[in-house]
Peer 1: 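Just passing along the structure, written as structure tokens.
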Amino acid sequence: MQETHTDILIIGAGPSGLTLANQLERYGVRYRIIDQNKERSRFSKALVMHPRTLEMMDLLGLSQSFLQAGTPYKEIDFYYNEDMLAVLDFSNISVSADFPFVNVIPQSKTEEILESGLAQSRVERAVTLTGLEQQEELVHASIQKATSEETITARYVIGCDGAHSTTRHLLQIPFTGESEEVNVMLADVKLSPSKNGISLTSSDRGLVFVAPFQGEYTRVIVIDYKKQGEDFPEEITLADIEDSLAEIYPETLSLHEPYWISSFSASHRQASTYREGNVFLAGDAAHIHNPIGGQGMNVGIQDVMNLGWKLAYTVQHQLNETLLDSYHAERAPVAEEVIKKTSYLMKGMTIKSHYGIKARNKGMKWLLPNKKVQTKVTENMAQLDVDYSFTKFAKSFRKFTNVKKVESGNRVPDVSFLTPAKEEKTLYSMLRDHPCLYLIIAGEEHPPQYQEAVHNAVNAFNTRVGDILKPLFVTFQEVGDPRKTTDMDSELYLDLNEESNQRLHLTPGDMMVIRPDAYVLLHTSITETDQLTKALLHYFGHSL
């Protein structure tokens with residue numbers, strides 16, 4: 001039997017596994033990615049990419065590819081029969097997000113774009129995981145190829161192999177939850193008449209979700225209350241869906257040339273732990289829930305964006321396990337909250353009693369037009385409100401420094417800067433190089449000793465941990481001679497529109513350290529440079 005070695009082994013080449021591979025490739029970390037399927041799926045499956053996930057793709061330098069291949073929608077319309085209940089308007093988040101819309105794109109295209117970001121033939125297909133054994137901080141994975149077997153020894157294994165995860169099964173990690181007892185039919189079809197927007201229509205008979213995507217096809221999802229349990233067809237046909245549409249949808253729709261027809265039973269489950277030794281779970285292998293809100297693929301991609309840089313730092317800088325422990329602590333509660341909310345929404349949208357329907361519709365008409373409610377709901381659906389400030393890792397910074405308005409674990413939106421030569425540079429483009437960015441908002445009143453203190457702090461940290469902390473001096477003022485503002489070797493940037501203040505709440509004299517996945521590590525004052533170094537060393541698992 002052949003034996004090989006790598007740093008990271010990824011099980012599963014769906015959106016989560018491919019996103020993780022893109023990160024590791026950019027870090028220069030040795031990895032392998034295997035998938036049991038012979039080829040990429042041709043079907044659309046997950047269809048919605050939310051604003052925060054588009055920000056993650058921007059960190060990988062792939063956002064424009066997704067925008068070109070997808071169809072952006074700024075609104076989702078809610079109807080009860082022909083009665084408009086509410087409009088969910090994503091333009092409400094335009095102040096804090098550069099992608100104020102949902103991008104509808106077939107999962108097959110998502111996987112194609114992600115795979116194109118890798119070196120050629122990196123995905124090893126028709127390869128099945130058959131065994132896992134952990135010894136002396138290494139993982140020995142047994143795999144089966146078409147004509148041979150192999151043992152891959154890796155420092156870490158990440159199971160991105162879906163709801164029926166072999167990785168999770170081999171680890172015997174409980175996957176607890178329950179069925180929501182709702183059967184769903186779906187199809188990608190050509191519609192007559194065609195539709196121009198995303199809508200969710202409810203009636204006393206069921207629900208219909210319609211989402212056109214690029215090309216001539218439309219995703220149609222149907223929940224028919226009369227076709228549940230034993231009355232649900234064993235194999236869904238186009239006629240089954242057309243029959244239900246005729247009873248639920250207020251307009252006559254003709255469906256033809258189906259590309260994909262499928263069905264599923266909505267349920268929610270979550271792994272009891274996302275980590276067992278040096279094996280991790282991500283995406284559907286770690287959590288599943290019903291499709292309301294289109295959250296599933298997005299949560300999985302953000303799982304691996306959280307985990308990827310931590311794996312790379314641990315491998316490249318010989319960090320201890322403390323940093324990796326933060327993965328489950330940060331991501332498991334996010335999925336738990338998504339499960340709770342989608343289950344609540346499913347119950348709310350499938351109410352069958354006359355009085356319950358009337359109360360729900362009245363509530364939607366009354367609440368959703370309110371701008372504050374709109375913003376809160378759209379930020380939640382867009383996953384912009386996901387943060388990690390509740391974890392012990394974030395809270396640990398408070399004992400070191402005088403934490404300011406933006407807390408550790410808060411999301412960081414993109415910010416545009418200018419170089420002194422007036423060349424544009426964005427915060428996210430600098431995060432693509434994978435450092436932790438150390439922003440210092442410099443003012444004219446800050447004397448040279450603060451610059452020296454920053455320089456000493458960066459050197460002290462990078463010498464101890466590795467070259468991962470990059471200082472950036474930012475000023476809100478025009479600078480004739482950059483040497484008058486900073487004599488450091490670090491780059492100086494101009495923020496003449498004060499976006500750092502509007503989006504990050506930074507003022508002159510502030511310091512902020514930003515993680516590679518665009519979350520705050522620490523926001524404090526320039527006077528606490530030494531304490532900041534101690535806090536970061538503690539976070540990355542080094543003794544003080």
Side-chain angles (χ1 to χ4, degrees), residues 26 51-52 54-67 91 93-100 384 404-406 410-448 450-455 457-458 462 467-526 529 532:
R26 283 160 173 74
R52 184 54 173 164
L54 284 167
E55 290 181 343
M56 299 291 101
M57 293 302 104
D58 200 27
L59 291 173
L60 295 176
L62 296 173
S63 59
Q64 288 306 308
S65 296
F66 282 100
L67 294 177
S91 64
I93 61 176
S94 59
V95 173
S96 63
D98 292 330
F99 305 105
L384 298 180
K404 305 194 83 172
K405 182 173 183 178
V406 180
N410 286 170
R411 164 184 165 264
V412 174
D414 203 3
V415 174
S416 295
F417 299 124
L418 293 174
T419 67
K422 298 300 189 293
E423 295 173 337
E424 188 171 338
K425 195 94 170 179
T426 66
L427 186 69
Y428 276 31
S429 68
M430 289 184 274
L431 284 170
R432 286 176 204 153
D433 297 328
H434 309 298
C436 286
L437 294 182
Y438 180 10
L439 270 64
I440 305 98
I441 309 300
E444 290 183 351
E445 72 278 12
H446 296 119
Y450 286 139
Q451 299 169 23
E452 184 179 354
V454 169
H455 184 268
V458 170
N462 285 347
D467 192 18
I468 60 178
L469 188 60
K470 179 179 180 179
L472 303 175
F473 272 80
V474 178
T475 178
F476 296 155
Q477 303 164 339
E478 286 277 9
V479 175
D481 185 351
R483 291 169 297 179
K484 291 182 179 179
T485 302
T486 173
D487 56 7
M488 292 181 60
D489 293 331
S490 64
E491 298 169 83
L492 173 70
Y493 291 93
L494 313 180
D495 183 5
L496 303 182
N497 294 322
E498 299 191 13
E499 285 188 31
S500 303
N501 176 263
Q502 296 166 18
R503 287 191 161 188
L504 304 181
H505 305 287
L506 291 170
T507 58
D510 281 5
M511 298 189 300
M512 179 178 283
V513 179
I514 301 171
R515 299 168 16 166
D517 58 348
Y519 285 91
V520 175
L521 264 183
L522 184 62
H523 177 201
T524 188
S525 168
I526 198 171
T529 306
L532 178 140

Peer 1: Taking only residues two or more places apart in sequence, or in another chain, which ones meet Y519 in a ring-ring contact (aromatic ring centres under 6.0 Å, His included)?
Peer 2: Y388
Peer 1: Taking side chain to side chain contact (heavy atoms under 4.5 Å, CB included) as the test, write out the residues that go with D467, two or more places apart.
Peer 2: N462
Peer 1: Are any non-hydrogen side-chain atoms of D414 and E55 less than 4.5 angstrom apart?
Peer 2: no
Peer 1: If the condition is salt bridge (charged side-chain N to carboxylate O under 4.0 Å, His left out), which residues does D98 pass it with, not counting sequence neighbours?
Peer 2: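 Once residues adjacent in sequence are excluded, the partners of D98 under the salt bridge (charged side-chain N to carboxylate O under 4.0 Å, His left out) criterion are R503.
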Peer 1: Does anything in residues 56-65 form a salt bridge (charged side-chain N to carboxylate O under 4.0 Å, His left out)? List the pairs, not counting sequence neighbours.
Peer 2: D58-R432
Peer 1: Go through the structure and list residues passing side chain to side chain contact (heavy atoms under 4.5 Å, CB included) with T419, not counting sequence neighbours.
Peer 2: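 Checked T419 against side chain to side chain contact (heavy atoms under 4.5 Å, CB included); matches are A421, E423, Y493.
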Peer 1: Testing I514, L472, L469 for side-chain contact (heavy atoms from CB on, under 4.5 Å) with Y438, which one passes?
Peer 2: L469
Peer 1: Taking only residues two or more places apart in sequence, or in another chain, which ones meet R515 in a salt bridge (charged side-chain N to carboxylate O under 4.0 Å, His left out)?
Peer 2: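 Listed in chain order: E330, D517.
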Peer 1: Please list, chain by chain and in numerical order, all residues satisfying side-chain hydrogen bond (donor to acceptor under 3.5 Å, both in side chains) with T426, sequence neighbours excluded.
Peer 2: S429
Peer 1: Could you work out, with side-chain hydrogen bond (donor to acceptor under 3.5 Å, both in side chains) as the rule, every residue matching S91, not counting sequence neighbours?
Peer 2: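 S91 satisfies side-chain hydrogen bond (donor to acceptor under 3.5 Å, both in side chains) with D89 once adjacent residues are dropped.
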Peer 1: So, using side chain to side chain contact (heavy atoms under 4.5 Å, CB included) as the criterion, who are the partners of E498 when residues are at least two apart?
Peer 2: F476, N501
Peer 1: Taking side chain to side chain contact (heavy atoms under 4.5 Å, CB included) as the definition, give me every residue that meets it alongside L418, ordered by chain and number, with sequence neighbours left out.
Peer 2: K422, E424, L494, L496
